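Some notes on the structure that comes next.
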Amino acid sequence: CLQPAADLARRTEARAVVALGGGSALDLGKAVGAIAGDTAPAVAYQLCERDFPAATLARICIPTTSGTGSEATRTAIVTRADKAKVWLWGDAIKAHEIILDPETTLSLPAHLTAQTGIDALVHALEAATNGNANAANNLYAHEAIRLASRNLEAAVADGSDLAARDGLQRSAWLAGIAIDNGGTAVAHNIGHALASLRPLHHGRSVALGMIATLAWNLADDDGRFDAAARAMGLAGARDLPAAFERLTRAVGIKVSLADEFAGVTPDALAAQMARPENAAMRLSNRRRIEDGDLLVFAERVLTQA
């Protein structure tokens, strides 16, 4: 829907875009604001293949979910006609103004609160532990980890808990800043690949990717996973895989993909993970990922129960 929305903005000579909603709505609004000043097709801007026009529309973001952190990033994820999830990136994507109001999230159902909230936690964990992690960015990432891990279960259990909603919304925003500075890693590589093959909520898909890879990533920890674990209230990195999986299951996120991904082979998923649009997330991972590792991860995520 990016192309029709950009065309509408051009025809009406819009001067601003107000994006109200979850991550997809925010990404759409930001992308429209970035490309409406040109006549090139929307797909021309994927993966930084074309510079954005000099003239852009003002972009205002009002998130109604607490997960993607899209309000804080210079990235927009869109789905191509072939179902591949691709990204647009640049300063022209970033919002001019952000309005955070936890009351806009009060009507979010429990299952979406869970899946968007776990997305914020994955963002923060990956920004704090990938190859781009640094002490300055960890000011955002670690606080996002703390807020998500302390408020997610409460917000899922009682959707009217405004304090928990506020904590989650601030977590998502801070995690958005963190990934805007440092990017994500292998859990997002897997998550994007999964969603390119079958309809799957982004938060759930990246959570499953993290469960499948977290213990593997800890093998050569230089202290960054340990620091992230302590931000989550744990004794150290060794407790992180079990704690993350416990939280994922506790908020009701289904770990098994047996029903939705029947017929999808590990080879097919690994091939999707290796595609160019997923390369940046693979390369950002601190521990080097070989082609053989992709197949191992694919097998794990498809057989988790």
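As the structure is a computational prediction, the values presented were derived from the model and not from experiment.
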Please tabulate, for side-chain N and O atoms in residues 229-240, each donor-acceptor pair with protein atoms closer than 3.5 Å (sequence neighbours left out).
unit_1: Arg230; atom_1: NE; unit_2: Asp226; atom_2: OD2; d: 3.2

Donor-acceptor pairs are to be reported for all side-chain atoms of residues 290-299 against protein atoms at under 3.5 Å, with residues two or more places apart or in another chain.
unit_1: Glu290; atom_1: OE2; unit_2: Arg288; atom_2: NE; d: 2.9
unit_1: Asp291; atom_1: OD1; unit_2: Arg282; atom_2: NH1; d: 3.4
unit_1: Asp291; atom_1: OD1; unit_2: Arg282; atom_2: NH2; d: 2.8
unit_1: Asp293; atom_1: OD2; unit_2: Glu290; atom_2: N; d: 2.8

Listed pairs under 3.5 Å, donor-acceptor, residues 261-275 side chains, sequence neighbours left out:
unit_1: Thr265; atom_1: OG1; unit_2: Ala268; atom_2: N; d: 3.1
unit_1: Arg275; atom_1: NE; unit_2: Glu277; atom_2: OE2; d: 2.7
unit_1: Arg275; atom_1: NH2; unit_2: Glu277; atom_2: OE2; d: 3.4

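Contact detail for Ile93 and Ala34: the closest heavy-atom pair is CD1-CB, 3.7 Å. Across all their heavy atoms, Ile35 and Ala6 have their closest contact at CD1-CB, 3.8 Å. Nearest heavy-atom pair across Cys1 and Leu28 is SG-CD2, 3.8 Å. Smallest separation of non-hydrogen atoms from Lys254 and Arg204: O-NE, 2.8 Å. Of all the heavy atoms in Leu8 and Thr12, the pair that sits closest is O-OG1, 2.8 Å. For Ala92 against Thr56, the heavy-atom pair with the smallest separation is CB-CG2, 4.0 Å.
For Arg246, the salt bridge (charged side-chain N to carboxylate O under 4.0 Å, His left out) partners two or more places apart in sequence, or in a different chain, are Glu153. Considering only residues two or more places apart in sequence or on other chains, Ser160 meets the side chain to side chain donor-acceptor pair (under 3.5 Å) condition with Asp158. Under the salt bridge (charged side-chain N to carboxylate O under 4.0 Å, His left out) criterion, Asp161 pairs with no residue at all, not counting sequence neighbours. Under the side chain to side chain contact (heavy atoms under 4.5 Å, CB included) criterion, Arg224 pairs with Thr129, Ala133, Asp221, Asp222, Arg286, sequence neighbours left out. Partners of Ala157 by side chain to side chain contact (heavy atoms under 4.5 Å, CB included), not counting sequence neighbours: none found. Partners of Thr113 under the side chain to side chain contact (heavy atoms under 4.5 Å, CB included) rule, at least two apart in sequence or in another chain, are Leu108, Ala155, Val156, Arg165, Leu168. Glu49 is linked by a side chain to side chain contact (heavy atoms under 4.5 Å, CB included) to Gln46, Leu47, counting only residues two or more places apart in sequence or in another chain. Qualifying side chain to side chain donor-acceptor pair (under 3.5 Å) partners for Thr73, counting only residues two or more places apart in sequence or in other chains: Lys30.
Other residues, nucleotides and ligands contribute at most 12 non-hydrogen atoms within 6.0 Å of the CD atom of Glu97.
Taking the side chain as every heavy atom from C-beta outward, His142 and Arg146 never approach each other to under 4.5 Å. No side-chain heavy atom of Asn132 sits less than 4.5 Å from a side-chain heavy atom of Glu126. Residues Glu245 and Leu214 are not in side-chain contact: their nearest non-hydrogen atoms beyond the backbone lie 4.5 Å or more apart. Contact annotation: the side chain of Thr184 approaches that of His123 to within less than 4.5 Å [non-hydrogen atoms, C-beta and beyond]. Counting heavy atoms from C-beta on, the side chains of Arg300 and Trp216 come closer than 4.5 Å. The side-chain heavy atoms of Asp27 and Val78, taken from C-beta on, include no pair separated by under 4.5 Å. When side chains are defined from C-beta on, Leu257 does not count as touching Gln304, because their heavy atoms never get closer than 4.5 Å. When side chains are defined from C-beta on, Met210 does not count as touching Leu121, because their heavy atoms never get closer than 4.5 Å.
In this structure, the separation between OG1 on Thr64 and CG on Leu106 is 11.5 Å, given to the nearest 0.5 Å. The line from NE2 of His192 to CD1 of Ile77 is 4.5 Å long, rounded to the nearest 0.5 Å. Atom CG of Leu200 and atom CD of Gln115 lie 8.0 Å apart (nearest 0.5 Å). For the atom pair Ser205 OG and Leu194 CG, the distance stands at 6.0 Å (nearest 0.5 Å). Between Thr79 atom OG1 and Asp82 atom CG the span is 9.5 Å, to the nearest 0.5 Å. In this structure, Thr248 OG1 and Ile253 CD1 are separated by 5.5 Å, a value rounded to the nearest 0.5 Å.
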(message) Could you walk me through whether His188 and Asp119 satisfy the side-chain contact (heavy atoms from CB on, under 4.5 Å) test, starting with their C-alpha distance in whole Å, then the side-chain angles of each, then the deciding distance to 0.1 Å, before giving a yes or no?
(response) CA-CA 10 Å; His188 272 71; Asp119 185 26; 3.9 Å; yes

(request) Decide side-chain contact (heavy atoms from CB on, under 4.5 Å) for Arg287 and Val186; before the verdict, give the C-alpha distance in whole Å, the side-chain angles of both, and the deciding distance to 0.1 Å. (result) CA-CA 10 Å; Arg287 185 175 177 187; Val186 65; over 6 Å; no

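Hydrophobic clustering, with ILVMFWY side chains joined whenever heavy atoms are under 4.5 angstrom apart, keeps Val86 apart from Val206. The same ILVMFWY cluster, assembled from side-chain heavy atoms under 4.5 Å apart, contains both Leu218 and Val301. Put simply, Ile145 and Ile211 are part of the same group of oily side chains (I, L, V, M, F, W, Y) that touch within less than 4.5 Å, one to the next. The hydrophobic clustering, which links ILVMFWY residues whose side-chain heavy atoms are closer than 4.5 Å, places Ile179 and Phe225 apart. Leu88 and Val43 fall into different hydrophobic clusters, defined by Ile, Leu, Val, Met, Phe, Trp and Tyr side-chain heavy atoms under 4.5 Å apart, directly or through other members.
Checked by atom type and distance alone, the side chain of Asp180 pairs as donor or acceptor with a backbone atom of Arg74 at under 3.5 Å. In terms of modelled atom types and a separation under 3.5 Å, the side chain of Ser284 and the main chain of Met281 share no donor-acceptor contact. With hydrogens and angles disregarded, a donor-acceptor distance shorter than 3.5 Å links the side chain of His96 to the backbone of Arg59. For Gln169 (side chain) and Asp101 (main-chain N/O), a donor-acceptor pair under 3.5 Å exists by modelled atom type. A donor-acceptor distance shorter than 3.5 angstrom exists from the side chain of Arg198 to the backbone of Glu260, with no hydrogens or angles considered. Distance alone, capped at 3.5 Å, places no donor-acceptor pair between the Thr68 side chain and the Gly22 backbone. Side chain of Asp38 to main chain of Pro53: no donor-acceptor pair is present (N/O by atom type, distance under 3.5 Å, no hydrogens or angles).
One finds a salt bridge joining Arg170 and Asp166 here, because a Lys/Arg side-chain nitrogen approaches an Asp/Glu carboxylate oxygen to under 4.0 Å.
The hydrophobic cluster containing Tyr140, built from Ile/Leu/Val/Met/Phe/Trp/Tyr side-chain heavy atoms closer than 4.5 Å, also comprises Ile98, Leu100, Leu147, Trp173, Leu174, Ile177.
A side-chain donor from one of Gln3 and Asp7 sits under 3.5 Å from a side-chain acceptor of the other.
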